[in-house]
*Asks:* 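Sharing a structure here in structure tokens format.
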Amino acid sequence: MPMLALCLLCILAMAAGPASAAPMGSLEPAQHEELTLLFHGALQLGQALNGVYKATEAQLMEARHSLGFYGHALGLLGQEVSQGRDAARELQASLLEMQMEEDDLKLQAEATAQALQEVAQGQQALRKSMQQLEVRLRGTWLGHARQELEALKTPHSSAPSLSLPEKTEDQSCTKGCFHTTCGP
């Protein structure tokens with residue numbers, strides 16, 4: 001910028017040069033005043049251009065500083081984006097693993113439900129079988145007890161006869177016990 005002002009002054013001086021080559025006394029006061037105004041205007045223009053140059057230079061420095069700041073912020077944002085992508089990948093991997101575990105758990109739950117259903121069916125069959133065996137055992141036990149009772153009632157037996165009071169069905173044992181005093 002100072003070079004520009006110096007160049008302007010040189011141009012003005014060259015333009016004024018032919019006029020100043022003439023003797024000083026021959027210059028009219030109006031021309032001298034015009035030259036003074038011209039030099040004063042050139043000086044003001046130089047000062048204005050110098051002010052514009054300094055303001056532009058300050059703006060450029062501020063822009064450079066802001067650009068550096070924005071570049072740094074952009075770098076930090078880039079790192080955060082990269083970290084976010086890594087976290088997203090980890091979350092996707094975790095989600096996939098959780099879905100696989102969920103599928104395994106579903107299969108285990110189905111297998112357990114099937115096994116429980118089979119156990120329940122087996123338990124029902126066992127209960128039915130136990131009831132049938134209980135009925136047979138009562139029938140066999142009671143039949144054997146009746147035969148012994150009939151044998152005791154017959155007169156040709158040499159043993160003394162024991163008379164047991166006969167019980168009605170209402171008085172029979174309901175606790176599932178099997179002894180000779182219980183019966184029909």
*Asks:* If you measure from CG on Leu126 to CG on Leu133, what distance do you get to the nearest 0.5 Å?
*Replies:* 9.5 Å

*Asks:* Quick check against the 3.5 Å criterion: does Thr36 have a side-chain atom that pairs as donor or acceptor with the backbone of His32?
*Replies:* yes

*Asks:* Is the CD atom of Glu62 crowded by more than 12 outside heavy atoms at less than 6.0 Å?
*Replies:* no

*Asks:* Test Glu134 against every option in Arg138, Arg136, Met130, Gln131 by the side-chain contact (heavy atoms from CB on, under 4.5 Å) rule and name the one that passes.
*Replies:* Arg138

*Asks:* Is there a donor-acceptor pair under 3.5 Å between the side chain of Ser82 and the backbone N or O of Gly78?
*Replies:* no

*Asks:* To the nearest 0.5 Å, tell me how far Leu43 CG sits from Leu38 CG.
*Replies:* 11.5 Å

*Asks:* Determine, for Glu110 against Lys106, whether the closest basic-nitrogen to carboxylate-oxygen distance falls under 4.0 angstrom.
*Replies:* no

*Asks:* Supply the atom-to-atom distance Leu105 CG to Met100 CE, rounded to the nearest 0.5 angstrom.
*Replies:* 12.0 Å

*Asks:* Are side-chain heavy atoms of Leu96 and Gln99 found at a separation under 4.5 Å?
*Replies:* yes

*Asks:* Calculate, to the nearest 0.5 Å, the distance between atoms CD and CG belonging to Gln44 and Leu49 respectively.
*Replies:* 12.0 Å

*Asks:* Any non-hydrogen side-chain atom of Gln132 less than 4.5 Å from a side-chain atom of Lys128?
*Replies:* yes

*Asks:* Nearest 0.5 angstrom please: Tyr70 OH to Leu77 CG, how far?
*Replies:* 12.5 Å

*Asks:* Which value, rounded to the nearest 0.5 Å, describes the distance between Lys54 atom NZ and Met61 atom CE?
*Replies:* 14.0 Å

*Asks:* Should Met98 and Glu102 count as side-chain neighbours, where that means a heavy-atom distance under 4.5 Å?
*Replies:* no

